Amino acid sequence: MDITSVLAGLYSSDGRRDPYPHYAALHRLGPVSALPPRQQVGAPVAIACGYDVVDQVLRDPEWFKNTLPSEGEHPILNTFETSMMFTNPPTHGRMRQVFARVFTPRRLDALEPVVVRVTEQLLDRMAEQGAGGASFDYVAEFAYPMPALVMAEFIGIPETDLEWYRARVKRIDDFLDVSGKTPELIRAADDAASELRGYYTDLIAHRRRAPGEDLISSLVAAVDAGAAGITEQELISNLIVLFNASFVTTIYLLGSGLPLLLAQPDVVAKLPGDQDLALDCCHEILRCESPVQFLTRQAPRDTELAGVPVGRDQVVLLMVGAANRDPARFPEPDRFDPARRGPASLAFGAGAHFCLGAAVSRIEGRIALPRLFARFPGLAVAGPPVYTGSLFLRGIDVLPVTTG
């Protein structure tokens, strides 16, 4: 099987539902494969699936984020281009330093009782939804609202705005998929970015009048004091990207992780009261089911990756989901094993762009999973899961369950 056939299978509807057989085929071709030439500007010239190569490129500061192609003014591209997630040094470091200063150990410790409170509230709601053996959507009732409510309180977004917010985040996620930037996707993402920018502009003005203990209040105070090293427009761009990145990982950790855990009843039986085991489960879920399936980088010079030539400024597709199932680094890579020891998962990235919200996701998973199974030891899947259908952000959007 050649690379064209593998990619055709991966891009198919079956491949989007289950990419892992296609990743295994990629590994059989080697850690890096050259891609057929394409006329599109910025099209990748190679695809990397080997763990060592993907890790190497992500950690190398000279490999940089590729510039998003644009024609004319687009609010979504302007938002990305003024956020730390889509910029390179020194701009990236300047912005990241601002947010790193407010993601302090004290602030993260203060999140733990919030996670406990929100989790218990949602478990109560699950008990009501599952009364009498009724099935309900676990993602809608727990996997989505738990991290969304926690991050909303952490950042300073009113709970009543979350459903409105989620719809706009979905349009931006659709735009980021590899399937192409159709005029409809661009228009929907532009509208979402414009609405979110207006939303944060109003929220920042409100925090100036009535500051609180949340992240936005701290950042606004730093900007106004001239101590932040970031403009208000950059602050807005980063809040849009950060809120999405900080809770999407946990949504798919809790959602995609449930079927994996329920297939291991011995693990589920040990989880209540064992946060160390819960943390191991979080790491293994994210290895098996990486929410972000690929990233891209541009070469700093003419070079080779595993013998495949890559020219200066050419783009390489880094398959994070495949790297996390590299049989050369993870024996029996398709097996879920919380006791697995080996290299760290690349689900949170690596190097300078390592996910700033990783610590929050770990806290949420470590606290939520033991409580979930302590409350509902008979929790069971009641229907087939519905996946995102995206090759970029992969996870379960709908998962019917019963509480037992």
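FYI, the numbering just counts along the sequence from 1. Everything numeric in this text was worked out from a predicted model, so none of it was measured.
Side chain of Ser290 to backbone of Gln293: no donor-acceptor contact under 3.5 angstrom is found. At least one donor-acceptor pair under 3.5 Å links the side chain of Asp137 to the backbone N or O of Leu399. At distances below 3.5 Å, at least one donor-acceptor pair connects side-chain atoms of Thr388 with backbone N or O atoms of Leu393. Checked by atom type and distance alone, the side chain of Thr182 pairs as donor or acceptor with a backbone atom of Leu185 at under 3.5 Å. Remark: the backbone N or O of Pro338 is not paired with any side-chain donor or acceptor of Glu284 at under 3.5 angstrom. In this structure, the side chain of His27 engages the main chain of Ala322 through a donor-acceptor pair within 3.5 Å. Under the 3.5 Å distance criterion, the side-chain polar atoms of Arg312 are left unmatched by any main-chain donor or acceptor of Thr303. In this structure, His74 contributes its side chain and Thr79 its backbone to no donor-acceptor pair below 3.5 Å. In this structure, the side chain of Tyr165 does not engage the main chain of Ala152 through any donor-acceptor pair within 3.5 Å. A distance-only check finds a donor-acceptor pair linking the side chain of Glu234 to the backbone of Thr231 [under 3.5 Å].
A salt bridge does not link Arg171 with Asp191: none of the charged nitrogens is closer than 4.0 Å to a carboxylate oxygen. Comment: Arg208 engages Glu232 in a salt bridge, judged by a side-chain N to carboxylate O separation of less than 4.0 angstrom. Of the charged side-chain nitrogens involved, none lies within less than 4.0 Å of a carboxylate oxygen, so that Asp280 and Arg340 do not count as a salt-bridged pair. Ion pairing between Arg117 and Glu153 holds under the 4.0 Å rule for side-chain N and carboxylate O. Asp214 and Arg207 are joined by a salt bridge, as a carboxylate oxygen and a charged side-chain nitrogen come within less than 4.0 angstrom of each other. Between Asp174 and Lys170, at least one side-chain nitrogen of the basic residue sits less than 4.0 Å from a carboxylate oxygen of the acidic one, meeting the salt-bridge criterion. A salt bridge links Asp55 with Arg59: at least one charged nitrogen is closer than 4.0 Å to a carboxylate oxygen. Contact check on Arg366 versus Glu112 returns a salt bridge, with a Lys/Arg side-chain nitrogen under 4.0 Å from an Asp/Glu carboxylate oxygen. A salt bridge does not link Glu128 with Arg125: none of the charged nitrogens is closer than 4.0 Å to a carboxylate oxygen.
Atom OG1 of Thr82 sits about 7.5 Å away from atom CG of Asn238, to the nearest 0.5 Å. Here the CD1 atom belonging to Ile240 is positioned 6.0 Å from the CD1 atom belonging to Ile172, to the nearest 0.5 angstrom. Put simply, CD1 on Ile204 and CG on Leu219 are 8.5 Å apart, with the number rounded to the nearest 0.5 Å.
Inter-residue side-chain proximity for Cys281 and Val267 is flagged as met; some heavy-atom pair is nearer than 4.5 Å. Using a 4.5 Å cut-off on side-chain heavy atoms (C-beta onward), Val6 and Ser33 make no contact. Inter-residue side-chain proximity for Val114 and Val118 is flagged as met; some heavy-atom pair is nearer than 4.5 Å. Contact annotation: the side chain of Leu356 approaches that of Met84 to within less than 4.5 Å [non-hydrogen atoms, C-beta and beyond]. Annotation: side chain of Tyr387 is not in contact with side chain of Asp397 (no heavy-atom distance under 4.5 Å). Put simply, the side chain of Leu369 reaches to within 4.5 Å of the side chain of Leu261, judged on heavy atoms. The closest side-chain heavy-atom distance from Pro147 to Thr249 is not below 4.5 Å. Two residues are said to be in side-chain contact when any heavy atoms from C-beta on lie closer than 4.5 Å; Tyr199 and Ile236 fail this criterion.
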Worked verdict on Gln233 versus Tyr200 for side chain to side chain donor-acceptor pair (under 3.5 Å): CA-CA 10 Å; Gln233 290 307 303; Tyr200 276 114; over 6 Å; no

Candidate pair Asp60 and Arg297, rule salt bridge (charged side-chain N to carboxylate O under 4.0 Å, His left out), full reasoning: CA-CA 10 Å; Asp60 188 337; Arg297 291 292 187 272; over 6 Å; no

Residues Leu239, Ile216; criterion side chain to side chain contact (heavy atoms under 4.5 Å, CB included); working and verdict: CA-CA 8 Å; Leu239 286 170; Ile216 292 177; 4.1 Å; yes

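Within the cation-pi definition used here (under 6.0 Å to the ring centroid, within 45° of the axis), Arg394 does not qualify as a partner of Tyr252.
Of the N and O atoms on the side chains of Arg16 and Ser390, not one donor lies less than 3.5 Å from an acceptor on the other residue. Ser237 and Ser83 share no side-chain donor-acceptor pair at under 3.5 Å.
A 6.0 Å sphere centred on CD of Glu213 holds no more than 12 heavy atoms belonging to other residues, nucleotides or ligands. Counting non-hydrogen atoms of other residues, nucleotides and ligands closer than 6.0 Å to CD of Glu120 gives a total above 12.
Using the six-membered ring where Trp is involved, Tyr51 and Phe330 have ring planes that are perpendicular, over 60° apart on the 30 and 60° scheme.
What you find for Phe142 and Ala368 is that their closest heavy atoms are CZ-CB, 4.1 Å. Considering all non-hydrogen atoms of both residues, Ala34 and Ile3 come closest at O-CG2, 3.6 Å.
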